[in-house]
Amino acid sequence: MSGSRPADFAVARRLYAGEPLGTRLFVLARRMLAPLPAIAARIPPVGAILDVGCGHGLFSLALASADPNRRIVGIDPSPAKIAAAARAGGAFGNVEFREGVVESIDGESFAAIVVLDVLYLLPEAQKKSLLAACRRLLAPGGTLVLKTNDTHPAWKYFVARTQERLMTGAGLTLGTGELHFRSCAENASLLRASGFAAEIHHLTHWTPYPHTLFVARPT
Ligand SMILES: C[S@@+](CC[C@H](N)C(=O)[O-])C[C@H]1O[C@@H](n2cnc3c(N)ncnc32)[C@H](O)[C@@H]1O
């Protein structure tokens, strides 16, 4: 649980009421298709949070609305998404959205770092560089919460890959144009090589996606 109340995705979603239909649909789809409340429940209850590849900022804003005293930074390289996130979160003094990549952050420290459905967009070297930056920015005893889609079972992987092909192909998700999904075992190995020990959770959800959550701590 985050702060004194659980992250509130209903409140967070209403913050996008003034945004164009495309953004509202995107945010609704994220809320429906990913087990965001179950992921939010794994975030440690105190300390600053960094949301890497925060997109339109829904997850950050759900955490921010649950605990006004908690500092949250969302960062994403998409200028359009960060602009929408900043508009939606304008009323919150505890959340800040930045355009950029985690590798550019220096001199800050976070109790928790969240990376939700981002790694599949990045080739191997970029995955490693993102995780190295997370390792560097985590406070001692901090937690990395990493969500990916597994490549098993094959039919669920097919659904996830097809959807993401459509999203990147249509330019709705920023990336290099190629997809770089990895199996659960490969991501676990990448985390170990990046200096993390992870618990693995295969999240059950009504959607046909192989949602996998790594709750990792620096070794
Ligand atoms: C599928 S969206 C997930 C957004 C958000 N984390 C969520 O769960 O709703 C993937 C996000 O990764 C961002 N992204 C692309 N390249 C990135 C990079 N090198 N570092 C961080 N984020 C990146 C995209 O702009 C996009 O917003």
Side-chain angles (χ1 to χ4, degrees), residues 7 9 12-13 15-16 19 22-43 49-64 72-86 88-89 95 97-105 110 112-137 144-149 159-182 190 194 203 205 207 209-214:
F9 288 91
R13 214 159 64 65
L15 299 170
Y16 297 85
E19 292 299 313
T23 303
R24 281 183 281 135
L25 287 176
F26 205 111
V27 166
L28 174 63
R30 275 313 280 162
R31 172 65 191 91
M32 299 298 290
L33 299 179
L36 301 180
I39 298 169
R42 300 275 177 184
I43 309 281
I49 301 170
L50 175 66
D51 185 357
V52 175
C54 64
H56 294 103
L58 177 69
F59 193 81
S60 292
L61 290 175
L63 295 173
I72 296 157
V73 175
I75 186 164
D76 196 286
S78 163
K81 288 187 179 180
I82 283 296
V95 64
F97 290 106
R98 301 178 191 168
E99 181 187 326
V101 290
V102 64
E103 290 89 332
S104 65
I105 301 179
F110 298 89
I113 300 183
V114 183
V115 186
L116 305 184
D117 289 323
V118 173
L119 281 195
Y120 75 95
L121 293 168
L122 310 180
E124 204 66 19
Q126 260 184 282
K127 291 182 201 291
K128 287 181 178 160
S129 124
L130 182 149
L131 290 175
C134 291
R135 177 80 178 70
R136 172 172 61 77
L137 295 170
L144 173 71
V145 176
L146 175 76
K147 154 80 172 67
T148 64
N149 279 307
V159 174
R161 205 177 58 223
T162 303
Q163 186 211 295
E164 296 308 345
R165 276 216 179 110
L166 292 172
M167 297 297 282
T168 48
L172 294 173
T173 300
L174 199 70
T176 59
E178 282 178 48
L179 299 179
H180 305 272
F181 285 101
R182 297 289 183 268
L190 185 62
S194 304
L203 300 177
H205 194 241
T207 50
Y209 297 95
H211 300 296
T212 306
L213 189 69
F214 298 87

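Just so it is clear, the values below take in all heavy atoms, side chains as well, and ignore hydrogens, waters and symmetry mates. For ligands, and for the atoms within them, numbers begin at 1 and follow the listed sequence. Predicted, not measured: the structure shown is a model, and the values here were computed from it.
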Ligand-side contact atoms (ligand 1) for residue partner [X], heavy atom cut-off under 4.0 Å:
X	result
Arg30	7 (C), 8 (O), 9 (O)
Asp117	1 (C), 2 (S), 3 (C), 10 (C)
Cys54	5 (C)
Gln126	19 (N)
Tyr120	1 (C)
Leu121	10 (C), 12 (O), 15 (C)

Arg31 side chain near Leu58 side chain, heavy-atom distance below 4.5 Å: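 Sidechains of Leu58 and Arg31: in contact.
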Any side-chain heavy-atom pair of Asn149 and Tyr120 under 4.5 Å: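 Not in contact.
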Which is closest to [atom] in terms of heavy atoms, [options]?
atom	options	answer
atom 21 (C) of ligand 1	Val118, Asp51, Leu119	Val118
atom 17 (C) of ligand 1	Gly100, Gly74, Ala133, Pro77	Pro77
atom 6 (N) of ligand 1	Gly53, Gly55, Ala34, Ala85	Gly53
atom 13 (C) of ligand 1	Val102, Asp76, Val101, Leu130	Asp76

Region of Leu122 that comes within reach of ligand 1 [heavy atoms, distance under 4.0 Å]: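 For Leu122, the contact with ligand 1 is made by the side chain alone.
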Euclidean distance, Ile43 CD1 relative to Ile49 CD1, rounded to 0.5 Å: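 Answer for the CD1-CD1 pair, Ile49 versus Ile43, is 5.5 Å.
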